[in-house]
Amino acid sequence: MRTTLTLDDELAERLKELAHRRRLSFKQVVNETLRAGLASGRKPAGGSRAFRVDAVHCGFVAGVDTGKLNQLVDELEAAEHVAEESR
């Protein structure tokens with residue numbers, strides 16, 4: 001398959017040097033390097049850790065109707081918008 005690939009300058013230089021030392025084409029070195037990387041099963045350096053969310057009980061104040069929280073948010077956003085417009 002033919003495709004366009006943009007490499008970091010440092011990586012391109014290292015691949016070119018490897019191709020020269022091994023007397024292979026740049027294409028062969030890129031393919032071999034990608035195959036080796038994919039076969040290793042390792043995550044890339046600096047890869048992200050698994051994202052985790054821990055649930056916490058909020059303990060709403062008595063008298064707050066949790067079914068109407070969206071309405072409360074809308075009212076607060078409207079009040080904030082009015083305050084910004086009056087500045």
Side-chain angles (χ1 to χ4, degrees):
M1 177 177 120
R2 179 179 287 269
T3 189
T4 301
L5 180 65
T6 304
L7 301 172
D8 292 341
D9 292 338
E10 177 227 346
L11 292 176
E13 192 59 39
R14 289 173 63 186
L15 289 167
K16 287 178 188 176
E17 289 173 9
L18 184 59
H20 179 74
R21 279 196 316 267
R22 295 181 58 200
R23 296 184 178 178
L24 295 172
S25 70
F26 184 76
K27 174 183 170 181
Q28 287 174 300
V29 171
V30 169
N31 282 316
E32 287 178 6
T33 304
L34 288 172
R35 278 191 192 95
L38 291 171
S40 75
R42 293 181 20 210
K43 291 184 180 179
S48 62
R49 297 179 311 177
F51 183 77
R52 179 182 165 157
V53 176
D54 294 321
V56 177
H57 179 65
C58 295
F60 284 102
V61 178
V64 174
D65 183 358
T66 57
K68 293 186 178 181
L69 288 177
N70 284 340
Q71 180 182 351
L72 175 61
V73 170
D74 289 342
E75 290 172 5
L76 291 172
E77 286 178 350
E80 183 179 338
H81 181 70
V82 169
E84 286 177 3
E85 290 293 320
S86 65
R87 289 183 197 160

Leu72 side, atom CG; Glu77 side, atom CD - distance, nearest 0.5 Å: 10.0 Å
CG on Leu18 to CZ on Phe26, rounded to 0.5 Å: 10.0 Å
Hphob cluster co-occupancy, Leu5 + Val29, side-chain heavy atoms under 4.5 angstrom: yes
Value rounded to 0.5 Å, distance of NE2 in His20 from CD in Glu17: 9.5 Å
Close side-chain approach of Leu11 and Asp8, heavy atoms under 4.5 Å: yes
Gap separating the OG atom of Ser40 from the CZ atom of Arg35, nearest 0.5 angstrom: 14.5 Å
Side chain Gln28, main chain Ser25, donor-acceptor under 3.5 Å: yes
Separation between CG of Leu34 and CG of Leu15, rounded to the nearest 0.5 Å: 8.5 Å
Partner set under salt bridge (Lys or Arg N to Asp or Glu O under 4.0 Å) for Glu32, not counting sequence neighbours: Arg22
Straight-line distance of Asp74 CG to Lys68 NZ, nearest 0.5 Å: 13.0 Å
Worked check of side-chain contact (heavy atoms from CB on, under 4.5 Å) between Gln71 and Glu75: CA-CA 6 Å; Gln71 180 182 351; Glu75 290 172 5; 3.2 Å; yes
